[in-house]
There are 2 protein chains.
Amino acid sequence: MGRWEPNSRARLEQAAHELYLDRGFDRTTVADIAARAGLTERTFFRYFADKREVLFGGSGLLHDLLVESVGAAPASTAPLAAVVTALEAVGDSLFADRRDGARRRQQVIDANIELQERELIKLASLAAAVAAALRRRGVPDPAAVLAAEAGIAIFRTAFGRWIAEDSRTDLAGHVRESLAELKAVTAGG
Amino acid sequence: MGRWEPNSRARLEQAAHELYLDRGFDRTTVADIAARAGLTERTFFRYFADKREVLFGGSGLLHDLLVESVGAAPASTAPLAAVVTALEAVGDSLFADRRDGARRRQQVIDANIELQERELIKLASLAAAVAAALRRRGVPDPAAVLAAEAGIAIFRTAFGRWIAEDSRTDLAGHVRESLAELKAVTAGG
DNA sequence: TACGTTGACGACAGTCACTGACATCGTCCT
DNA sequence: AGGACGATGTCAGTGACTGTCGTCAACGTA
């Protein structure tokens with residue numbers, strides 16, 4: 001047995017989520033989080049770059065899976081189709097049984113501007129990574145960026161509706177709907 | 001004559017821009033800025049909510065003009081067309097003779113992640129305002145958000161290319177090009 | 001002219017996020 | 001046994017941001 005309780009990182013994450021949810025993000029200090037986890041402030045910052053990052057630990061996984069999935073599409077697939085197919089697959093495999101958790105997380109983020117800033121930059125870096133994956137498929141530059149950006153916009157609106165709903169529809173369905181909406185909008189304008 | 005030099009806000013803005021540009025954002029303290037402007041740190045925070053906000057003073061103007069311009073389009077205009085037309089008009093009238101300034105500003109922002117976060121949330125709030133303006137025109141909700149989001153994506157890529165170029169093309173031209181690219185991408189995928 | 005009010009700023013103390021340097025002590029390896 | 005290692009604690013520091021109060025010129029008003 002080690003000198004300390006195991007799973008420090010998970011304990012910090014758990015403590016932070018709980019405190020953010022009931023006190024709100026800006027009324028919980030890092031010292032609070034560390035104390036609840038039975039650790040010190042300094043240790044918190046060894047696991048998380050800053051107070052916000054606790055809520056975005058899963059974004060790396062989404063990032064990797066999305067890039068991989070875009071790269072794996074048949075060579076003949078059109079750029080936006082490759083992105084949307086990747087979103088459907090990854091979204092379902094990653095979020096299928098976690099809607100309540102996602103809802104709570106989003107509730108915390110929606111209540112705080114700094115957290116929204118962090119979320120936006122994560123999404124922007126996701127878009128950049130998808131654009132790079134498209135370029136590797138031979139898609140030239142303005143198109144690659146725009147297809148990636150459009151894909152992320154689709155994902156955002158789809159995710160929002162998936163979270164807002166009570167009925168048991170899947171995320172992928174919302175993604176397909178949002179794609180259709182976007183196509184209608186760009187065709188008409 | 002007042003008890004102090006006039007134009008405190010402008011002096012702080014000037015000092016901040018100069019320091020951000022040559023030392024970089026994170027190696028200049030608010031005390032530095034205030035001292036160069038002949039003021040105190042406390043006064044800086046009376047004019048700017050935080051250290052980043054100094055670089056985003058003009059965003060309110062862009063916000064208002066864009067919303068007004070979207071609202072002023074003929075009722076028959078399609079959503080995305082209204083947004084893009086507004087972007088062309090406002091972009092030209094607001095940035096026409098300020099490309100060098102915009103370039104320097106962007107250089108500072110691109111060098112610092114916190115500033116990119118702030119820029120992204122400004123753009124997101126711009127998109128939200130445009131979506132609201134579209135809703136006032138009777139555009140239903142998924143379409144309004146997607147058209148606004150698409151418009152902002154168009155603006156971002158257009159602005160990026162406008163800044164990167166040396167030749168004297170106008171911003172509106174880049175906006176039209178980006179729109180065409182997006183249409184091609186969404187039609188194909 | 002005297003006097004009260006206001007507005008812009010300074011002074012000061014305090015909180016909190018975040019960092020660097022170093023100490024501590026189980027665990028593991030030889 | 002003994003030394004290297006890894007996870008954590010301790011401590012001191014910087015800097016962003018806030019609340020509170022004091023100051024003083026300008027301005028209006030009696």
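Atoms considered below: every heavy atom in the structure, side chains included; atoms not considered: hydrogens, waters and symmetry mates. Letters A, B, ... mirror the listed sequences (proteins, then strands); counts begin at 1.
A:Glu114 has no carboxylate O lying under 4.0 Å from a charged side-chain N of A:Lys51, or vice versa, which leaves the two without a salt bridge. Between A:Glu53 and A:Lys122 there is a salt bridge, since a side-chain N of the basic residue sits under 4.0 Å from a carboxylate O of the acidic one. Comment: B:Arg105 engages B:Glu119 in a salt bridge, judged by a side-chain N to carboxylate O separation of less than 4.0 angstrom.
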Given salt bridge (Lys or Arg N to Asp or Glu O under 4.0 Å), test A:Asp32 with A:Arg23 step by step and report yes or no.
CA-CA 11 Å; A:Asp32 289 338; A:Arg23 295 189 200 173; 2.8 Å; yes
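Rounded to an integer number of Å, the gap from B:Asp32 CG to D:dA16 C1' is 13 Å. For B:Phe25 and D:dG15, the CZ to P distance is 13 Å, given to the nearest whole Å. What separates CD1 of A:Ile33 from P of C:dC18 is a distance of 10 Å, to the nearest Å. Rounded to an integer number of Å, the gap from CG of A:Asp50 to P of D:dG15 is 19 Å. When the C1' atom of C:dG10 is taken as reference, atom CZ of B:Arg46 falls 8 Å away, rounded to whole Å. Atom-to-atom, CG of A:Asp26 to P of D:dT18 comes out at 12 Å; the value is rounded to the nearest Å. What separates CZ of A:Arg27 from P of D:dT18 is a distance of 16 Å, to the nearest Å. Between the CD atom of A:Glu5 and the C1' atom of D:dG6 there is a distance of 17 Å, given to the nearest Å.
Side-chain contact annotation: A:His174 with A:Thr169, donor-acceptor N/O pair under 3.5 Å present. When only modelled atom types and interatomic distance are considered, A:Ser178 and A:Arg161 share a side-chain donor-acceptor pair under 3.5 Å.
For the atom pair CG (A:Leu123) and CZ (A:Arg118), the distance works out to 12.5 Å, reported to the nearest 0.5 Å.
The aromatic rings of A:Phe25 and A:Tyr20 stand perpendicular to each other, their planes meeting at an angle above 60°, with 30° marking the opposite boundary.
Here the nucleotide nearest the side chain of B:Lys51, chosen from D:dC17, C:dG10, D:dG9, is D:dC17.
Partner of A:Gln14 under the side-chain contact (heavy atoms from CB on, under 4.5 Å) criterion, out of A:Glu18, A:His17, A:Arg11: A:Glu18 alone.
A cation-pi arrangement is absent between B:Arg9 and B:Phe44, since the terminal nitrogen or guanidinium carbon is not both under 6.0 Å from the aromatic centre and inside a 45° cone about the axis.
Taking a 4.0 Å limit (strictly below) on heavy-atom distances, residues 34-45 of chain B reaches DNA chain C at B:Gly38, B:Leu39, B:Thr40, B:Arg42, B:Thr43.
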Please produce a list of atom pairs where a protein N or O lies less than 3.5 Å from an N or O of nucleotides 3-5 of chain D.
none

Report all interatomic pairs (protein N or O, nucleotide N or O of nucleotides 2-8 of chain C) with separations under 3.5 Å.
none

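Between B:Glu13 and B:Phe48 there is a side-chain heavy-atom pair separated by less than 4.5 Å.
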